[in-house]
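Okay, structure first, notes after.
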Amino acid sequence: MDDRKIFILSAILQSYIQEGQPVGSRTLQRDYNMEVSAATIRNEMSDLEHLGFLEKAHTSSGRIPSEKAFRWYVDELLTHAPKAAGIPALGDQSLLKTSHDPLTLVNQSLSILSDLTDTVAFALVPGRADDVLETVRVLALSEREVMIVVVFRSKFIQTELIHLDRPYSVQRLNRLGDIIQELFEGRSLGAVTDFLRNDYFGDVYVKGNLLSEVLPIFLERIAPHRSPMVLFQGIGKWLRVMGETDGASAIEHLKRLLESTEFVQMLQSLPMEELLHVRIGHENSMESLQEATVISIPYVLHSNVYGQLGVIGPTRMHYGRVIDSVKRMGRYVSSITRRA
């Protein structure tokens with residue numbers, strides 16, 4: 001493209017991102033002080049449409065940017081972006097001072113990111129089959145309630161309240177704690193869940209005792225962490241993300257996204273060595289995301305284990321601001337997990 005086409009395309013993108021309305025030749029001539037006729041601008045816009053950068057709006061004579069135009073715009077932003085800003089200073093209410101638990105930290109970060117960008121924020125949390133249960137404690141809260149607290153080597157903390165079907169003495173509950181601590185402390189999550197899935201715990205020999213009541217529940221609570229999961233914040237913004245899609249369709253798309261393993265697989269396929277990923281519209285393989293943009297960045301969950309943190313927003317978004325927010329939050333979370 002020559003300089004005039006680049007200027008016109010940039011102007012249309014800027015206007016459309018700001019206003020969300022089709023842009024016509026007279027608008028460009030007036031708002032951008034272009035010293036050419038409206039007819040010349042229309043010819044240039046026609047050429048840009050032919051090149052696939054613009055689309056004809058159905059309700060006016062104006063044009064709107066295509067996915068190809070947004071891709072060009074994002075590539076230009078990333079190519080000519082200024083040097084990344086440093087990590088913001090940690091204030092008195094910093095995430096580091098709020099919690100040392102990585103899951104709590106990530107959830108709080110996503111809530112902030114969603115509010116900053118007005119999008120749905122997400123984070124891929126990798127599976128932790130190799131994570132070691134360094135400390136396991138069972139606390140008897142009453143004769144029918146116990147709390148199991150697990151501190152993992154990765155600094156994840158899992159707390160599970162279990163209601164018992166019948167009352168047990170304090171002595172039996174304390175003995176339960178000793179047994180669980182002896183069985184699981186110092187073993188990996190994968191080894192613990194494999195052990196609990198052994199046929200022995202479903203056999204008649206353990207029917208009716210305290211272990212047989214507690215261990216299946218404990219297994220049900222910790223087993224999901226073996227596999228990768230995705231956390232979401234700002235789900236209420238989904239209707240805005242989907243733009244013109246009707247509410248029922250948008251909610252159905254959201255349900256598919258939340259229940260599908262395809263999104264996890266898509267995030268896992270992203271190269272961790274790349275600093276930023278931006279997928280626009282049909283660049284996303286999932287049908288429920290083909291009217292949206294997915295922006296993500298790798299972050300350090302613990303040690304050398306990386307996840308993906310980012311946002312799902314409309315294709316018409318303030319890319320510069322959103323990309324900067326995603327980068328900053330990714331670096332911020334990693335800076336905390338590395339020193340925690």
Side-chain angles (χ1 to χ4, degrees), residues 95-96 98-117 119-134 148-160 188-193 218-235 238 254-277 279 284 286 288-289 294-312 325-340:
L95 297 178
L96 178 60
T98 303
S99 175
H100 290 281
D101 175 35
L103 275 185
T104 302
L105 166 67
V106 171
N107 265 314
Q108 291 173 336
S109 303
L110 295 182
S111 180
I112 294 170
L113 183 60
S114 176
D115 288 342
L116 283 174
T117 61
T119 60
V120 178
F122 67 84
L124 171 67
V125 179
R128 294 164 35 229
D130 295 332
D131 204 355
V132 174
L133 288 70
E134 289 205 330
I148 302 180
V149 180
V150 182
V151 180
F152 291 87
R153 180 167 296 170
S154 62
K155 298 195 171 110
F156 276 88
I157 300 171
Q158 190 161 350
T159 303
E160 299 297 345
S188 71
L189 179 57
V192 168
T193 52
F218 184 61
L219 171 62
E220 179 185 343
R221 305 278 179 83
I222 68 169
H225 299 282
R226 281 187 61 148
S227 304
M229 68 177 76
V230 180
L231 307 176
F232 291 94
Q233 289 287 346
I235 293 297
W238 183 257
L254 175 60
K255 183 180 178 182
R256 290 177 191 168
L257 175 67
L258 298 180
E259 295 177 352
S260 174
T261 59
E262 190 178 353
F263 188 57
V264 174
Q265 293 167 352
M266 185 185 87
L267 295 177
Q268 287 180 312
S269 71
L270 298 175
M272 290 299 175
E273 62 271 13
E274 293 185 19
L275 296 180
L276 186 78
H277 305 277
R279 292 191 173 187
N284 294 297
M286 293 183 65
S288 58
L289 294 175
V294 180
I295 301 174
S296 69
I297 190 170
Y299 74 99
V300 179
L301 186 65
H302 61 86
S303 185
N304 292 318
V305 178
Y306 289 78
Q308 289 282 340
L309 177 149
V311 301
I312 304 171
S325 295
V326 171
K327 284 182 175 180
R328 282 174 175 266
M329 189 58 71
R331 293 197 306 275
Y332 190 31
V333 171
S334 295
S335 74
I336 295 173
T337 55
R338 281 193 174 105
R339 67 179 103 168

Legend entry - Aromatic ring pairing Phe232/Phe263, orientation class (parallel under 30°, perpendicular over 60°, tilted between): parallel

Legend entry - Heavy-atom closest pair, residues Gly330 and Leu309: N-CD2, 4.2 Å

Inset, instruction - Return the minimal non-hydrogen interatomic distance between Ser288 and Leu257, and the atom names on each side. - result: OG-CB, 4.3 Å

Inset, instruction - Return the minimal non-hydrogen interatomic distance between Leu189 and Arg226, and the atom names on each side. - result: CD2-N, 3.8 Å

Legend entry - Chi angles and distances behind the side-chain contact (heavy atoms from CB on, under 4.5 Å) call for His225, Leu103: CA-CA 11 Å; His225 299 282; Leu103 275 185; 4.1 Å; yes

Legend entry - His277 backbone acceptor or donor facing Gln308 side chain under 3.5 Å: no

Legend entry - Spacing of CD1 belonging to Ile112 relative to CG belonging to Asn107, to within rounding of 0.5 Å: 11.0 Å

Inset, instruction - Find the distance between CZ (Phe122) and CD1 (Ile235) and round it off to the nearest 0.5 Å. - result: 11.0 Å

Inset, instruction - List in chain and number order the residues that pass side-chain contact (heavy atoms from CB on, under 4.5 Å) with Ser227, two or more places apart in sequence or in another chain; answer none if no residue qualifies. - result: none

Legend entry - Side-chain donor or acceptor of Tyr299 paired with backbone N/O of Ser335 under 3.5 Å: no

Inset, instruction - Please tell me if the side chains of Phe152 and Ile157 come closer than 4.5 Å, counting only heavy atoms from C-beta onward. - result: no

Legend entry - Considering all heavy atoms, the nearest Thr117-Ser325 contact: CG2-CB, 3.7 Å

Legend entry - For the student: nearest non-hydrogen atoms of Leu275 and Ile297, plus distance: O-CG1, 2.8 Å

Legend entry - Atom pair OG1 (Thr261) and CD (Gln268), whose distance is rounded to the nearest 0.5 Å: 9.5 Å

Legend entry - Separation between CZ of Phe156 and CG of Leu133, rounded to the nearest 0.5 Å: 12.5 Å

Legend entry - side-chain contact (heavy atoms from CB on, under 4.5 Å) partners of Asn284, counting only residues at least two apart: Met266, Arg279, Leu289, Val294

Inset, instruction - Taking the side chain as every heavy atom from C-beta outward, state whether Ile312 and Trp238 have any pair of such atoms under 4.5 Å apart. - result: yes

Inset, instruction - Would you indicate whether the side-chain heavy atoms of Ser154 and Leu301 approach each other to under 4.5 Å? - result: no

Inset, instruction - Taking the side chain as every heavy atom from C-beta outward, state whether Gln233 and Ser109 have any atom pair closer than 4.5 Å. - result: no

Legend entry - Atom CG of Asp130 with >12 non-hydrogen neighbours under 6.0 angstrom: no

Legend entry - Pairwise distance OG(Ser296) to CG(Leu276) - rounded to 0.5 angstrom: 7.0 Å

Legend entry - Shortest non-hydrogen contact between Gly234 and Ser114, atoms and distance: CA-OG, 3.3 Å

Legend entry - Min side-chain heavy-atom separation Leu231-Met229 under 4.5 Å: yes

